[in-house]
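Just so we're on the same page: letters track the sequence lines, and every chain starts at 1.
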2 protein chains.
Amino acid sequence: MEAADTRQEILIQASRLFKRLGYRATTTREIAKAVNIKQPSLFHHFPNKKAIVEEIFSLSLNEAAVRIENACRTAGPASERLHQYLVWDLSTLHRMPIAMSAIYTGDALKSPELAELAEKLKTFYRSLEDLISQGIRSGEFVDIDPSLGRLMVASITIAHLEYAEEATIEDPDRLAREGADFVLRAFRKT
Amino acid sequence: MEAADTRQEILIQASRLFKRLGYRATTTREIAKAVNIKQPSLFHHFPNKKAIVEEIFSLSLNEAAVRIENACRTAGPASERLHQYLVWDLSTLHRMPIAMSAIYTGDALKSPELAELAEKLKTFYRSLEDLISQGIRSGEFVDIDPSLGRLMVASITIAHLEYAEEATIEDPDRLAREGADFVLRAFRKT
DNA sequence: GTCTATAGCCTGATAGAC
DNA sequence: GTCTATCAGGCTATAGAC
């Protein structure tokens, strides 16, 4: 097994465990066991446990942050831009081997040693709230507190990812479209 | 401080910590510190850490399980019964001193020692899925996989509770109604 | 009913052989 | 690059004084 492969496998298995058990409760022994190596071998690939979760967060968040910012600045109806972003986000997440939803949920970001990551996520959330506000101002969306709206979008995304993990998905793009439709129905004025 | 008060305070503080950090990652020292007693004093009120989480789950789930079952068996449109249930659920949860959402989310139920509780929750979820199926069959709801629909309802409930914890809520009933409306818009055919 | 002290186990991380 | 062996510290839970 090459170093790069082992490293990737650590990220995959750790992300699943972080999602299932939380960051603090996941032990390096559990991660190592899932990767099929002994616990001290992890520290050849990562300096410490924190570095593993930091890399997962970066992989999840970096492209999503760029895309949501672009969606905020593009012309056209906010509802269409939100829908387009969600389709991209869900279909990307459905294909990922790493359980990205560990960012949105979980205890990792509440730990003070990971405050820097929490700040990055807040920036992402601000863009999402901005996009929702645009839709409310234009009369497309119901009058909801944008911060509640943002929580709704994030939690619906998590629900979708949990579903995709358990059920076997034959068409990830169709599922992503249906998820985005679900959110937009909830936000749109009837 | 009387025993009953201390016991209640343990449940309140533990539920908040379980929600924030997860069950496994929350230490008895942290709970004791939040209650303002020393760690071994906890074990005068509860035989072990597991007993604390079990009591929180029972308090949260017992009445909700009865109400969702009734909602399944009542006559009338499924959309109205789901809406009514959600208004009750959200307004009850908004008023609770114990952070009940620790049931829906978190790592506790995945731990094998709490498999019995996980079974109870599954029964609750089956009723919720049943109610959603009724709405799909009657043509009121969009054609969604009921197990995905159930995940959506649960995650939107969690998002609402998280919002209610951070923002100061002036009218919990209105917020509960708005949350139920949000869910129903997402489910109803347009 | 709460405390101090502590047992016994598990944790993240290091040292050094191969 | 992975291993065995191990350390220092944190964990749940118990014992026993007050």
Criterion side-chain contact (heavy atoms from CB on, under 4.5 Å) on B/L11 and B/L59, from CA distance to verdict
CA-CA 10 Å; B/L11 291 171; B/L59 286 169; 4.2 Å; yes
Answer yes when B/E116 and B/K120 have at least one side-chain N-carboxylate O distance shorter than 4.0 Å, and no when they do not.
no
Under-4.0 Å salt bridge between A/R188 and A/D181
no
Whole-Å gap separating [atom2] ([N]) and [atom1] ([X]):
X	N	atom1	atom2	result
B/I10	D/dT12	CD1	P	14 Å
A/F46	C/dT14	CZ	C1'	18 Å
A/R24	D/dG10	CZ	P	12 Å
A/K38	D/dT6	NZ	P	16 Å
B/N36	C/dT2	CG	P	11 Å
B/E113	D/dC11	CD	C1'	14 Å
B/I31	D/dC11	CD1	C1'	12 Å
A/K33	D/dT2	NZ	C1'	18 Å

Using a 4.0 Å heavy-atom cut-off, write out nucleotides 13-18 of chain D from 5' to 3' as B (base contacted by protein), S (sugar-phosphate only) or - (no contact).
BB----
Verify whether one side chain among B/S127 and B/E69 offers a donor that lies under 3.5 Å from an acceptor in the other.
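No donor-acceptor contact under 3.5 Å links the two side chains.
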Between A/S41 and D/dC3, does any side-chain N or O lie under 4.0 Å from OP1 or OP2?
yes
Is any side-chain N or O of A/H44 closer than 4.0 Å to OP1 or OP2 of D/dT2?
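A/H44 to D/dT2 OP1/OP2: no side-chain N or O under 4.0 Å.
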Steps toward side-chain contact (heavy atoms from CB on, under 4.5 Å) verdict (B/T190, A/R185):
CA-CA 8 Å; B/T190 45; A/R185 273 198 306 278; 3.9 Å; yes
Would you verify whether the NZ or CZ of B/K49 falls within 45 degrees of the ring axis of B/Y23 while also being under 6.0 Å from that six-membered ring's centre?
yes
Could you please name the option among C/dC3, D/dT2, D/dC11 that lies closest to any side-chain atom of A/H45?
D/dT2
Would B/K33 and B/R29 count as a side-chain contact (heavy atoms from CB on, under 4.5 Å) here? Give the steps.
CA-CA 6 Å; B/K33 194 173 183 183; B/R29 271 176 246 277; over 6 Å; no
Base, sugar-phosphate alone, or nothing: which one does B/T27 contact when heavy atoms must sit under 4.0 Å apart?
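Result for B/T27 = sugar-phosphate.
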